4 protein chains.
Amino acid sequence: MDDRSLSDQPISTGLQEPSDLQLTDKQWNILDAALAVFTEKGFSAATTSEIARQAGVSEGTIFRHFKTKKDILLAMLVPLIRNTMGPKSVNSLTQMIVKNENLPLREVLLMIALERQEFLTDNQALLRLILTEAQYHPELREVIIGEVAYKSQEQLIRLIEQRQQKGEIRQDLPAWVLVRSFFGMVVVYMLSRVMLTKREAGKDNREEILKIIDLFLNGAAMEK
Amino acid sequence: MDDRSLSDQPISTGLQEPSDLQLTDKQWNILDAALAVFTEKGFSAATTSEIARQAGVSEGTIFRHFKTKKDILLAMLVPLIRNTMGPKSVNSLTQMIVKNENLPLREVLLMIALERQEFLTDNQALLRLILTEAQYHPELREVIIGEVAYKSQEQLIRLIEQRQQKGEIRQDLPAWVLVRSFFGMVVVYMLSRVMLTKREAGKDNREEILKIIDLFLNGAAMEK
Amino acid sequence: MDDRSLSDQPISTGLQEPSDLQLTDKQWNILDAALAVFTEKGFSAATTSEIARQAGVSEGTIFRHFKTKKDILLAMLVPLIRNTMGPKSVNSLTQMIVKNENLPLREVLLMIALERQEFLTDNQALLRLILTEAQYHPELREVIIGEVAYKSQEQLIRLIEQRQQKGEIRQDLPAWVLVRSFFGMVVVYMLSRVMLTKREAGKDNREEILKIIDLFLNGAAMEK
Amino acid sequence: MDDRSLSDQPISTGLQEPSDLQLTDKQWNILDAALAVFTEKGFSAATTSEIARQAGVSEGTIFRHFKTKKDILLAMLVPLIRNTMGPKSVNSLTQMIVKNENLPLREVLLMIALERQEFLTDNQALLRLILTEAQYHPELREVIIGEVAYKSQEQLIRLIEQRQQKGEIRQDLPAWVLVRSFFGMVVVYMLSRVMLTKREAGKDNREEILKIIDLFLNGAAMEK
DNA sequence: CATGAATGAGTGTTCATTCAT
DNA sequence: GATGAATGAACACTCATTCAT
């Protein structure tokens, strides 16, 4: 599975409908090529000529549609985040939370974790690009925080508060502490899995995730 | 607070003693300037001419001391990680763990978290550079994993296993799950604090960290 | 007489028809300038910036057409040798030999010598460049030997063997000894003429060449 | 046999006696290294730092003794030619001519050719350097012509005229035509031997040279 | 006198951007 | 609108030459 092509990536479906964003076929070709080249080399080491070649257009054409190289990056990433990655993340969270209001929290957290894991695996290269370039392009940083981080956190906070009201969850800790902690536990586990191991991606790690959820719910201390 | 200059950064103290690494004053100047420029622009977008200007030397001088631009990066980062960042992290962990064997775990975890927080705050820009460039330079990746990540994790695992034997900590979860989870909770909290807020760095957040530790030890679930 | 510009040089007529070699005007300009600069300074001391200036193009343009400086040299010299210098030499020899089968050898040798002299005079600077750079570029060396030296020698051997069969020429010496010797006599005479004297090129030296041919045919020894 | 080191080369013996030329040990080291580097890379592609390294001195020292890189070249080549190569060539010719006044010309020419061949073989790289750089440095050109070419030719002319007076050699051709022709025959034979073949240097080619001398003396034409 | 670190102009080469066609 | 040749400033890197020690 090639996670470098917008057309093959789950995340890119939003862009496949050009009318959505008033993008012509040609512009879409360019952004698709840009995604591939930027993710492989990084923004700075990528060249517009390679993007042009991969897009099957001339270099001149690129600059007819996008004023600068930076514009290509932002024109590609910002809508991707705003229209696809953000909504997709938020909606899937919302649905899982709403649909499963009566499921044990443990089950819901597992679903969320597995879904996040799939997302991270499928979009590894893209996420790496986004996080790297966010350092140098504040526009990007703001979109990520505003459209993905903040909104996702909101949904998780909703979940936690829901369960706090139900009495399933401690009420003496602010919801955001619980949310960020859970997120941190899961993400660090996933990253270490991706970075440190060569285990094939398919291997089922549901058991390991369940251990983390158990830890989150019941704590590390010996039960009194 | 300028966290871009080696001379102002705690982490760089190891390098400030040139004899340690056989670095001349001039070489040190260059690496100091390189840190500033690489940190600001990233490796690829940084130019040797700007490094030269900031170091107050000619461009030729840079290449008398370092064969390529990439060599500058690695000559700066690898010793920094290997000789300073790594040992510093590992030793402070080791000491805190050994010295406080009889302190409640909660206290030890607080000390560790606060110390990590200080480290992260003081070396923010440097850490960002290291993690970004680790993507493109496997040498760097290996040093980080080998000299910092792996060794630090080992110390924390020692701590957890010590407390498991004492019966303070559950024994039905592998130590590494506990370690990575705690690490994830704390780091994501700190990162969100750094990225999302404008609160001045000085503000005491001991209370918040204690909440996270409470969560880690006692879990999110309502006590039965 | 400017023997440094392709456009003024007989040898370059083949290149002046760009279609022959798929060379655009601009590429031809660059190669023309390259010939001038390489000839004047030698390959190593010539700079691409001077070639650009003389070609009336920007330095970037040069590298759009030729990947490296060495490529410029070879793109200029190899076709010149292969398509122009080589065929021209070989064909004119062949024609002189075939057309004048019944002329006395003395007359044929004179024609050949005069033609070689004209060639050498017209292409002095170019020949000097080729022979100099052949030391450092084996590709060039091979082309010269294969396309000019070997093929020209073959024609002369044909002539000699033809005359040996007719009984005009001694048969107790191998043809190649006769050929290389004649060639050596003539070339050294011409080089010394070019290098050592200030006589204008136009001066008729037919008498002197005839003496050399006489020597070649009849030997230096007093007739018995 | 390393023909790149002055100390191993017949030609360099003249320079081994520093007092001859007021050269200190250090200067001699530099020139020795310069010879090696210049012959390998050519003047332009050679670097002063490599010369310094091979000479075992610092780069600064080089420029204390020789104002510019070009000065090194000329300081090395000009005395080499003037004091060693020239005299050696001329003297050996003179001796062979004077000592063997009564030997058949054929024998004398053979001795001369063999001696020239040895010289050329022993000093191949040096000769290539000299001829190449003579193009760009008129000082060099003048020394070669004045100290070697002209003086050597004079000796050969003396030989020829001696034999003309004895009635061994035709008197209807100017001596210089005979000399240059003989020289051309022999040199082109030797060059083609060096350039075109891989036969080991040691192989005896006395027979082939004798054929050339036979040709020179008796001519190519069938004897009437 | 010797050193070698420092220099800075210059090298071949790249690349984002422009613009005539 | 699309092209791709042309640009020229910038790039990483080199090297003959200088000069403080």
Side-chain angles (χ1 to χ4, degrees), chain A residues 24 26-27 29-30 43-53 55-73, chain B residues 24-27 29-30 43-53 55-72, chain C residues 24-27 29-30 43-53 55-72, chain D residues 24 26-27 29-30 43-53 55-73:
Chain A
T24 63
K26 198 148 281 180
Q27 284 172 318
N29 277 346
I30 294 169
F43 174 74
S44 209
T47 69
T48 52
S49 88
E50 182 158 7
I51 295 173
R53 199 182 329 117
V57 302
S58 75
E59 233 177 317
T61 302
I62 287 191
F63 286 92
R64 169 161 302 284
H65 292 288
F66 307 95
K67 234 160 56 81
T68 66
K69 188 183 167 190
K70 177 173 177 174
D71 277 5
I72 307 175
L73 181 78
Chain B
T24 62
D25 273 14
K26 195 141 281 177
Q27 283 173 318
N29 276 347
I30 293 170
F43 175 75
S44 203
T47 70
T48 51
S49 86
E50 179 155 9
I51 294 173
R53 198 180 331 115
V57 302
S58 77
E59 216 167 336
T61 301
I62 286 191
F63 288 95
R64 161 166 295 280
H65 293 287
F66 307 95
K67 239 159 59 81
T68 65
K69 187 185 168 188
K70 180 173 177 172
D71 274 7
I72 307 174
Chain C
T24 62
D25 273 15
K26 194 140 284 178
Q27 283 174 318
N29 276 345
I30 294 169
F43 175 75
S44 203
T47 70
T48 51
S49 85
E50 180 155 10
I51 294 173
R53 199 182 329 117
V57 302
S58 77
E59 217 168 335
T61 301
I62 286 191
F63 288 94
R64 160 165 297 278
H65 294 287
F66 307 95
K67 239 160 54 83
T68 64
K69 186 185 169 189
K70 178 172 179 174
D71 274 7
I72 307 174
Chain D
T24 63
K26 200 147 278 181
Q27 284 172 318
N29 277 347
I30 294 169
F43 174 73
S44 210
T47 69
T48 51
S49 87
E50 181 158 6
I51 295 173
R53 200 181 328 119
V57 301
S58 75
E59 233 177 317
T61 302
I62 287 190
F63 286 91
R64 170 160 302 282
H65 292 288
F66 307 96
K67 232 159 59 82
T68 66
K69 187 182 167 190
K70 178 172 177 175
D71 277 5
I72 307 174
L73 181 78

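Everything numeric here is computed off the predicted structure, so don't read it as measured data. Protein chains get the first letters and strands the later ones, always in sequence-line order, with residue 1 at the start of each.
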Whole-Å distance, B:R53 CZ to F:dA10 C1', equals 12 Å
Value for CG (D:L73) from OG1 (D:T68), rounded to nearest 0.5 Å, stands at 9.5 Å
Flag, side chain of A:Q27 to backbone of A:T24, donor-acceptor distance under 3.5 Å: yes
Which of B:K69, B:R53, B:E59 passes side-chain hydrogen bond (donor to acceptor under 3.5 Å, both in side chains) with B:T48? It is B:E59
Its contact letters, B for base, S for sugar-phosphate only and - for none at protein heavy atoms under 4.0 Å, make nucleotides 1-7 of chain E read SBBBBBB
When rounded to whole Å, the CD to C1' distance for the pair C:E50 and E:dT11 reads 14 Å
Where DNA chain F forms runs of at least three Watson-Crick or G-U pairs (i with j, i+1 with j-1, under 3.5 Å), the stems are E:2-21 with F:2-21
Which of E:dT18, F:dA16, E:dG12 is nearest the side chain of C:K69? It is E:dG12
Taken to the nearest 0.5 Å, the spacing of C:I72 CD1 from C:I62 CD1 works out to 5.0 Å
From NZ of C:K70 across to P of E:dT13 the rounded distance in Å is 11 Å
CG of D:D71 to NE2 of D:H65, rounded to nearest 0.5 Å, is 13.5 Å
Taking any heavy-atom pair under 4.0 Å as a contact, classify B:A46: base, sugar-phosphate, or nothing. sugar-phosphate
Tell me whether the count of non-hydrogen atoms from other residues, nucleotides or ligands lying under 6.0 Å of NZ in A:K70 goes above 12. yes
Taken to the nearest whole Å, CD1/D:I30 to P/F:dT17 is 14 Å
Smallest heavy-atom separation, A:S44 atom then B:S44 atom, equals CB-CB, 3.4 Å
Correct closest heavy-atom pair for B:I30 and B:V57 would be CG1-CG2, 4.2 Å
Taken to the nearest whole Å, CG/A:L73 to P/E:dT17 is 12 Å
For F:dC15 and D:T48 - does any side-chain N or O of the residue sit under 4.0 Å from the phosphate oxygens OP1/OP2? no
From CZ of D:F43 across to C1' of F:dA16 the rounded distance in Å is 10 Å
Taken to the nearest whole Å, CZ/A:F63 to C1'/F:dG4 is 13 Å
